[in-house]
Amino acid sequence: MSVSMTGSGEIATPVESSKSAMTWGPIFGGAAAAIGVTLILLLLGSGVGLTMVSPWSGQSSSLGTVGVTAAIWLVVVQWLSSGLGGYITGRLRTKWAAVHTDEVFFRDTAHGFISWALATIFVAGFLASSLTSLAGAGAQAVGSAAAAAGTAASSTASAADLPTAYFTDALLRPEQARTGATSDDTAATAEVSRILLNGAAAGQIPDDDKAYLATIVSARTGLSEADARTRVDTVLKRIDDAKVAAQKAADEARKAASTTALLGALSLLIGAFIAAAAAAFGGSQRDEEEDLLVTPRI
């Protein structure tokens with residue numbers, strides 16, 4: 001604390017308020033209001049979103065439309081709840097007497113920002129716990145499906161033994177493949193599966209494997225060698241197309257996640273600004289009218 005002396009020799013001491021510049025009551029009140037409005041609007045948006053999805057073919061909105069609508073609604077929810085919470089924070093605080101106007105403005109904006117931060121942390125934690133529960137249920141379902149798939153695949157070969165089994169098949173392929181494929185359907189089916197799995201892992205199927213597959217298909221279906229080779233090429237092309245489609249879907253999902261993260265960050269920044277501005281506006285309305293205490297002269 002600095003002390004100065006006037007020209008007349010008097011000592012001037014700065015006036016410092018004993019009260020804190022932060023009032024937690026209005027902050028918690030505004031945060032609670034923002035949280036309540038956010039949850040209500042999220043439930044409302046969920047209800048509206050469910051009406052856009054229908055199990056009947058042709059009656060449901062496209063996936064892109066649903067995603068864009070959900071993103072816009074989340075932004076609207078963030079801004080509305082931030083504005084209301086900040087405004088309530090500014091209106092509920094008590095008037096700061098003998099405080100400069102600029103300091104009052106700063107305190108109001110700081111109170112609105114802190115109220116927004118508390119509400120955002122709570123809502124983020126609530127959504128994270130909900131998503132974690134959904135992810136846990138999904139992981140359990142995927143684990144059950146993987147266990148069933150592993151049980152079904154154990155009769156042929158395990159993933160670790162697949163390369164060895166494939167090369168063993170290549171070494172022991174009979175010269176008369178048609179006769180072997182006709183006499184033992186189960187062995188032929190298992191060998192074809194191993195060839196396809198090895199091709200998926202390697203990224204392509206060698207020409208000799210394609211010729212061998214055509215021979216087995218011809219023996220099993222009665223097609224000519226040329227028609228069997230055409231069928232093999234068609235199926236392999238469908239497998240490649242499915243792989244490309246999966247990669248394209250993964251890339252689109254990555255881009256969508258990146259865009260959503262950037263828009264979410266921008267929306268949060270704008271929400272913080274709205275909360276601070278609304279708190280300053282509510283505080284200014286709170287201070288517009290002064291209550292004067294009139295005391296009689298003695």
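Linking ILVMFWY residues whenever their side-chain heavy atoms come closer than 4.5 Å, directly or via other members, places Val235 and Val232 in the same cluster. Leu263 and Ile72 fall into different hydrophobic clusters, where Ile, Leu, Val, Met, Phe, Trp and Tyr are joined by side-chain heavy atoms under 4.5 Å apart, directly or via other members. Val37 and Tyr87 are members of different hydrophobic clusters when ILVMFWY side chains are connected at heavy-atom separations under 4.5 Å. Linking Ile, Leu, Val, Met, Phe, Trp and Tyr residues whenever their side-chain heavy atoms come within less than 4.5 Å places Leu84 and Val76 in a single cluster. Both Leu268 and Phe113 are members of a single hydrophobic cluster when ILVMFWY side chains are connected at heavy-atom separations under 4.5 Å.
For Asp240, the salt bridge (charged side-chain N to carboxylate O under 4.0 Å, His left out) criterion is met by no residue, not counting sequence neighbours. With sequence neighbours excluded, no residue forms a salt bridge (charged side-chain N to carboxylate O under 4.0 Å, His left out) with Arg238. Residues that satisfy the salt bridge (charged side-chain N to carboxylate O under 4.0 Å, His left out) test with Arg229, not counting sequence neighbours, are Asp233. When the side-chain hydrogen bond (donor to acceptor under 3.5 Å, both in side chains) test is applied to Thr109, no partner is found at least two apart in sequence or on another chain. Residues satisfying the side-chain hydrogen bond (donor to acceptor under 3.5 Å, both in side chains) criterion with Lys237, sequence neighbours excluded, are Asp241. Judged as a side-chain hydrogen bond (donor to acceptor under 3.5 Å, both in side chains), and not counting sequence neighbours, the contacts of Glu103 are Arg107.
Atom CG in Leu269 sits 11.0 Å away from atom CD1 in Ile274 (nearest 0.5 Å). Atom CG in Leu118 sits 7.0 Å away from atom CD1 in Ile27 (nearest 0.5 Å). A distance of 10.0 Å separates OG in Ser115 from CH2 in Trp24, rounded to the nearest 0.5 Å.
Thr23 places no side-chain N or O within 3.5 Å of a backbone atom of Pro26 that could act as its donor or acceptor partner. Put simply, the side chain of Ser81 gets close to the backbone of Val77: a donor and an acceptor are under 3.5 Å apart. At distances below 3.5 Å, not a single donor-acceptor pair connects side-chain atoms of His111 with backbone N or O atoms of Met22.
Side chains of Trp116 and Thr89 form no contact here, defined as non-hydrogen atoms less than 4.5 Å apart. Put simply, the side chain of Leu92 does not reach to within 4.5 Å of the side chain of Arg286, judged on heavy atoms. You'll find the side chain of Ile270 stays beyond 4.5 Å of the side chain of Ser267, heavy atoms only. By the 4.5 Å heavy-atom criterion applied to side chains, Gln78 and Val123 are not counted as neighbours. Put simply, the side chain of Phe126 does not reach to within 4.5 Å of the side chain of Ile35, judged on heavy atoms. At least one side-chain heavy atom of Leu74 sits less than 4.5 Å from a side-chain heavy atom of Leu42. Residues Trp73 and Leu41 are in side-chain contact: their nearest non-hydrogen atoms beyond the backbone lie under 4.5 Å apart. Under the 4.5 Å side-chain criterion, counting only non-hydrogen atoms from C-beta, Ser284 is in contact with Phe281.
Shown here for Ala119 and Ala31, the closest heavy-atom pair between the two residues is CB-O, 3.8 Å. Minimum heavy-atom separation, Ile205 to Lys210: O-CE, 3.3 Å. Between Thr38 and Ala34 the shortest heavy-atom distance is OG1-O, 2.7 Å.
Counting non-hydrogen atoms of neighbouring residues, nucleotides and ligands closer than 6.0 angstrom, the CZ atom of Arg231 reaches no more than 12 such neighbours.
Salt-bridge formation is detected for the pair Arg93/Asp287: a Lys NZ or Arg NE/NH1/NH2 atom is positioned less than 4.0 Å from an Asp or Glu carboxylate oxygen.
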Open item on the list: Run the salt bridge (Lys or Arg N to Asp or Glu O under 4.0 Å) test on Lys248 and Asp251 for me, step by step, so that the C-alpha distance in whole Å, both residues' side-chain angles and the decisive distance to 0.1 Å come before the verdict.
Closed with: CA-CA 5 Å; Lys248 183 178 179 181; Asp251 186 63; over 6 Å; no
